[in-house]
Amino acid sequence: MTKEDKQTIYNLLRTASQNVYGYTTPAFENDEFVDNAQCTMHNAQLNSVPVNIPAQSQIIETEIKQPIKVTSSTANSNQDNTNNSELGIVNCELKGMSLGDVILKIARCTRCSLARTRTNVVPGQGSKSAEVLVIGDGPAMEDDASGVPFSGAAGLLMDKMLNAVKLDRRQNCFLTNIVKCTPPQNRDPYPEETDACFGFIEAQIKIIKPKLILCSGRVAAVSLLKNNPKVNLSLPVDQLRGQWFDYNGIPVMVVYSPAEVLKNPALKKPIWDDLRAFATKLKELSPTYAALFNS
């Protein structure tokens with residue numbers, strides 16, 4: 001394809017994106033094109049950028065002994081850069097996939113621009129039989145370095161808050177994010193990025209089968225509940241928090257993110273109130289969890 005043909009297609013897609021989102025997204029900030037013969041080497045270099053899954057993130061069904069590297073050869077045969085049908089999870093049809101299978105898919109994903117700037121994918125960490133799934137807005141820069149979600153100062157606070165109600169990522173929780181790569185400068189993920197990544201969170205929910213979901217932050221809540229007609233997606237997090245919503249029959253609560261609490265210590269009381277209500281609900285649904293308070 002010539003660079004002129006690419007420019008024509010690019011202009012059409014950019015116009016369509018502007019009509020959908022109301023602004024020009026970062027995916028359309030680069031408009032330099034070359035003929036196919038000239039860009040072959042560039043594509044090979046992009047696909048050979050190493051994508052690691054550090055060992056710390058692998059509390060999963062399939063143990064991965066070594067970090068996964070995506071080279072040009074594996075990317076050409078395995079990259080997931082079209083739609084969720086390549087995951088085998090359209091309409092949540094998982095076809096026997098395990099958490100390990102989903103992580104391998106995440107490692108090879110290049111659906112959005114975040115794949116170009118990541119150091120590590122951040123698929124999630126926790127128990128494969130978790131009763132609680134915690135979903136954040138997006139991995140922080142510390143998470144990008146380690147491949148582990150909620151690993152910086154905000155992560156320490158998250159662990160402390162969860163532990164206060166007898167929840168632990170090593171035992172009964174699985175922690176992840178609505179997107180699996182870190183947005184530059186810790187910005188919020190863009191809608192096209194959460195849309196591109198949504199199949200992964202859908203698959204994780206289907207495989208783990210949590211009793212409750214805790215959305216940590218507004219982006220996570222809006223992305224997960226976007227198809228729930230009872231949710232006003234324009235509300236700020238302080239009007240979404242502390243309520244019960246529904247995702248495919250699973251109760252969902254929205255809370256402030258730990259990063260917000262670090263910036264504003266006055267939020268410690270409302271998030272503590274919300275977590276106690278969350279724990280009360282989980283006691284009703286899980287005799288195993290309820291027994292922790294009697295031990």
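Predicted, not measured: the structure shown is a model, and the values here were computed from it.
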J.: State yes or no: do Leu156 and Phe150 share one hydrophobic cluster built from I, L, V, M, F, W and Y residues joined by side-chain heavy-atom distances below 4.5 Å, directly or via other members?
T.: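 Different hydrophobic clusters.
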J.: With side-chain contact (heavy atoms from CB on, under 4.5 Å) as the test, would you mind laying out the steps for Tyr256 and Val237 before giving the verdict?
T.: CA-CA 7 Å; Tyr256 292 111; Val237 68; 3.6 Å; yes
J.: Within a 6.0 Å radius of atom NZ on Lys226, are there more than 12 heavy atoms belonging to other residues, nucleotides or ligands?
T.: yes
J.: Shortest non-hydrogen contact from Ala220 to Asp137?
T.: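 Result for this residue pair: N-OD1, 2.8 Å.
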J.: Has the side chain of Ser146 got a donor or acceptor atom that lies under 3.5 Å from a matching backbone atom of Glu142?
T.: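 Yes, Ser146 side chain to Glu142 backbone: donor-acceptor pair under 3.5 Å.
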J.: I need the minimum non-hydrogen distance between Leu175 and Met158, along with the two atoms involved.
T.: CD2-CG, 4.2 Å
J.: Measure from the side-chain N and O atoms of Arg111 to the backbone N and O of Glu193, and report whether any donor-acceptor pair falls under 3.5 Å.
T.: no
J.: When you measure from the centre of the six-membered ring of Tyr289, is the NZ or CZ of Lys211 closer than 6.0 Å and no more than 45° off the axis?
T.: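 No, Lys211 does not lie over the aromatic ring of Tyr289.
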J.: Evaluate Gln125 against Phe174 for side-chain contact (heavy atoms from CB on, under 4.5 Å), listing each step before the verdict.
T.: CA-CA 6 Å; Gln125 185 185 52; Phe174 191 93; 5.8 Å; no
J.: If you round to the nearest 0.5 Å, how far is CG of Leu240 from CG of Leu225?
T.: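 Between Leu225 CG and Leu240 CG, I get 8.0 Å after rounding to 0.5 Å.
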J.: Show me the pairs that pass side-chain hydrogen bond (donor to acceptor under 3.5 Å, both in side chains) and involve residues 233-242, at least two apart or across chains.
T.: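 Sorted result for residues 233-242: Asn232-Ser234, Arg241-Asp274.
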J.: Between Asn120 and Ala145 (side chain of the first, backbone of the second, donor and acceptor by atom type, cut-off under 3.5 Å), is there such a pair?
T.: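 Side chain of Asn120 to backbone of Ala145, a donor-acceptor pair under 3.5 Å: yes, one is there.
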J.: Tell me, with the steps shown, if Thr182 and Leu114 meet side-chain contact (heavy atoms from CB on, under 4.5 Å).
T.: CA-CA 7 Å; Thr182 300; Leu114 296 183; over 6 Å; no
J.: Would you say the side-chain atoms of Lys166 pair up with the backbone N or O of Asn163, donor to acceptor, closer than 3.5 Å?
T.: no
J.: Set out, in order, the CA-CA distance, both residues' side-chain angles and the distance that settles side-chain contact (heavy atoms from CB on, under 4.5 Å) for Thr194 and Val222, then state yes or no.
T.: CA-CA 10 Å; Thr194 61; Val222 167; over 6 Å; no
J.: Does the Asp143 side chain pair with the main chain of Ser151, one donor and one acceptor, at a distance under 3.5 Å?
T.: yes
J.: Do any N or O atoms from the side chain of Asn186 and from the backbone of Ala140 form a donor-acceptor pair under 3.5 angstrom?
T.: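 No: the side chain of Asn186 does not pair with the backbone of Ala140.
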J.: Give the intermediate values and the outcome of salt bridge (charged side-chain N to carboxylate O under 4.0 Å, His left out) for residues Asp101 and Lys105.
T.: CA-CA 6 Å; Asp101 296 327; Lys105 290 287 187 179; over 6 Å; no
J.: Check whether Asn172 reaches the backbone of Asp168 with its side chain - one donor and one acceptor, N or O, closer than 3.5 Å.
T.: yes
J.: Mind checking whether Ile178 and Met141 sit in one hydrophobic cluster, side chains of I, L, V, M, F, W, Y counted as touching below 4.5 Å?
T.: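 Looking at the clustering, Met141 is in a separate group from Ile178.
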